[in-house]
Amino acid sequence: MPMFDLKSFFAAHEIVDGGRFERLSGVDTRNPASLAFVENETYLERALANPNVSALILTQALYEEHRRQLVKPAVVVAHPRFRFWTLHNHLVENGLLGLVLEPRRGTGCSIHHSAVIADKVSIGDCVTVGANAVIEEGSVIEEGAVVASGAVIGAEGMQAANHPAGTRLFVRHAGGVKLGRGVHVLSNSIVSKAVDPAYTEIGDDTVVSLLVSVGHNTTIGRRCSIAGNVLIGGSVTVGDDVWIGPSVAIKDGLTIGAGARLIMGAVVIQDVGKGESVSGNFALPHLTNLQSYLKARL
């Protein structure tokens with residue numbers, strides 16, 4: 001990816017110390033040379049401690065209070081979040097931020113004539129794509145995967161930035177979706193592409209049932225079973241061999257450990273450990289919920 005100079009996108013009076021960046025990311029990013037925005041002291045501490053954050057966008061108040069701690073290039077603006085996403089959109093729309101993907105169409109595929117497949121898509125061998133399915137740019141569909149009728153792979157998810165003056169900016173998605181070998185995405189499910197130049201990923205042999213929504217930048221492991229009407233927020237990490245029951249909702253940014261079981265209707269608002277079973281609204285250890293249910297019946 002190309003390196004960008006802060007002075008190419010910000011006014012001279014906004015730049016405290018000049019610097020360069022390669023991509024735009026959050027304060028906890030694992031991608032080096034990232035530009036991140038911070039709006040409070042907690043985020044500032046995390047950004048300063050993360051060696052992958054090479055430059056910051058922050059408010060005047062934060063700068064004045066912590067200027068002696070700032071050991072990284074910084075830009076001082078009134079609305080860091082809004083300026084961050086404005087810059088993101090500018091880079092995406094001008095082809096400066098995005099994935100480099102070699103288009104491919106494998107052999108032995110069965111693709112319905114009504115399916116809509118973008119040009120910049122990589123499809124492996126023996127892939128099945130059903131009627132009226134949509135596969136957007138930046139998608140990688142590996143060998144033996146199935147995209148059933150009406151499913152959408154690579155949709156843009158809900159990401160917006162609000163300006164105090166009332167302007168709302170809808171964020172363009174620069175990434176893609178990667179479906180592993182043997183993945184099944186059943187009818188009318190949606191897998192959103194990543195916001196940054198990365199992939200929303202679903203691991204080998206995972207099944208995504210009907211009417212499921214998988215948020216952007218989520219990573220799902222291998223051999224998982226995701227039942228119908230499940231909602232998985234953005235940037236969720238799901239381990240291998242996880243069972244997610246019907247109508248489960250998972251808050252964005254959580255980690256679900258390998259082998260976990262999320263029982264039907266669970267509303268998950270905190271991380272779930274390896275092998276743990278949770279249920280209820282809000283989700284608790286399943287045994288705890290059963291005990292509460294039995295007590296209520298007495």
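- Each of D240, D205, T206 was evaluated against R222; a single residue qualifies, D240, per the side chain to side chain donor-acceptor pair (under 3.5 Å) test.
- Counting all heavy atoms, side chain and backbone alike, I141 lies closest to I153 at CD1-CG2, 4.1 Å.
- Smallest separation of non-hydrogen atoms from S139 and E136: OG-O, 2.8 Å.
- If you chain together hydrophobic residues whose side chains sit under 4.5 Å apart, F82 and V76 never meet in one group.
- Within the model, atoms OG of S54 and CZ of R23 stand 11.0 Å from one another, a figure rounded to the nearest 0.5 Å.
- Scored by the salt bridge (Lys or Arg N to Asp or Glu O under 4.0 Å) test, R223 finds D241 as partners (sequence neighbours excluded).
- Using a distance-only test at 3.5 Å, with no hydrogens or angles considered, a donor-acceptor pair links the side chain of D125 to the main chain of T107.
- Residues S225 and W243 approach most closely at CB-CE3, 3.3 Å, considering heavy atoms.
- The structure places CD1 of I220 at 10.0 Å from CG of L179, a figure rounded to the nearest 0.5 Å.
- One hydrophobic cluster, built from ILVMFWY side chains closer than 4.5 Å, cannot hold both W85 and V53; they sit in different ones.
- Looking at P80 and V38, their side chains never come closer than 4.5 Å, going by heavy atoms from C-beta outward.
- Counting heavy atoms of neighbouring residues, nucleotides and ligands inside a 6.0 Å radius, atom CD of Q60 exceeds 12 of them.
- If you take CD on E102 and NZ on K120, they are separated by 10.5 Å, rounding to the nearest 0.5 Å.
- Linking Ile, Leu, Val, Met, Phe, Trp and Tyr residues whenever their side-chain heavy atoms come within less than 4.5 Å places V171 and L35 in a single cluster.
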### Message
Determine whether V195 and H173 satisfy the following criterion, side-chain contact (heavy atoms from CB on, under 4.5 Å), listing intermediate values before the conclusion.
### Response
CA-CA 4 Å; V195 177; H173 287 45; 3.7 Å; yes

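- Under the 4.5 Å side-chain criterion, counting only non-hydrogen atoms from C-beta, L87 is in contact with F21.
- Atom CD1 of I263 sits about 13.5 Å away from atom OG of S247, to the nearest 0.5 Å.
- Remark: side-chain polar atoms of N89 are paired, donor with acceptor, to backbone N or O of F170 under 3.5 angstrom.
- By the 6.0 Å contact criterion, CZ on R181 is open, its count of non-hydrogen atoms from other residues, nucleotides or ligands being 12 or less.
- In plain terms, the two heavy atoms of A266 and S279 that are nearest each other are CB-CA, 4.0 Å.
- More than 12 heavy-atom neighbours from other residues, nucleotides or ligands sit within 6.0 angstrom of CG on N94.
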### CA sep, side-chain torsions, deciding dist, call: I232, I226, side-chain contact (heavy atoms from CB on, under 4.5 Å)
CA-CA 10 Å; I232 302 175; I226 302 173; 4.1 Å; yes

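- By the criterion of side-chain heavy atoms lying less than 4.5 angstrom apart, applied directly or through intervening Ile, Leu, Val, Met, Phe, Trp or Tyr residues, I135 is grouped together with I111 in one hydrophobic cluster.
- Remark: the backbone N or O of A36 is not paired with any side-chain donor or acceptor of S25 at under 3.5 angstrom.
- Nearest heavy-atom pair, A47 versus V27, reported as atom, atom and distance to 0.1 Å: CB-CG1, 3.8 Å.
- Here the closest heavy-atom approach between residue G138 and residue L99 is recorded as O-CD1, 4.1 Å.
- Paired with R67 under the rule side chain to side chain donor-acceptor pair (under 3.5 Å), one option of E65, Q69, E64 passes, and it is E64.
- Note: H90 and F9 have perpendicular aromatic rings, judged against thresholds of 30 and 60 degrees for the angle between ring planes.
- With hydrogens and angles disregarded, no donor-acceptor distance shorter than 3.5 Å links the side chain of S235 to the backbone of T218.
- Under a 3.5 Å cut-off, the side chain of N50 and the backbone N or O of T29 do form a donor-acceptor pair.
- A donor-acceptor contact shorter than 3.5 Å links the side chain of K193 to the backbone of E137.
- The closest side-chain heavy-atom distance from V16 to L70 is not below 4.5 Å.
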### Task
Take E142 and K178 through the salt bridge (charged side-chain N to carboxylate O under 4.0 Å, His left out) test and state the conclusion after the steps.
CA-CA 8 Å; E142 296 188 348; K178 185 176 289 184; 5.1 Å; no

#### Entry: Evaluation steps, side-chain contact (heavy atoms from CB on, under 4.5 Å), between I123 and I117
CA-CA 10 Å; I123 297 177; I117 301 177; 4.0 Å; yes

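- With S149 contributing its side chain and G130 its backbone, the two residues share no donor-acceptor pair below 3.5 Å.
- If you check the side chains of S34 and N52, you find no donor sitting under 3.5 Å from an acceptor.
- If you check the side chains of S110 and T128, you find no donor sitting under 3.5 Å from an acceptor.
- No chain of hydrophobic side-chain contacts below 4.5 Å, direct or via other Ile, Leu, Val, Met, Phe, Trp or Tyr residues, connects V146 to V185.
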### Message
Applying side-chain contact (heavy atoms from CB on, under 4.5 Å) to V242 and C224, what does each step give before you reach the verdict?
### Response
CA-CA 5 Å; V242 170; C224 294; 3.9 Å; yes

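- Heavy-atom contacts from other residues, nucleotides or ligands closer than 6.0 Å to OH of Y43 number 12 or fewer.
- N188 contributes no side-chain N or O that, together with a main-chain N or O of L210, makes up a donor-acceptor pair within less than 3.5 Å.
- Of the inter-residue distances, the one linking I57 atom CD1 with L24 atom CG reads 6.5 Å to the nearest 0.5 angstrom.
- Remark: R81 is not positioned above the aromatic ring of F84, lacking an NZ or CZ atom under 6.0 angstrom from the ring centre and at most 45 degrees off the axis.
- The distance from the CG atom of N229 to the CE atom of M264 is 12.0 Å, given to the nearest 0.5 Å.
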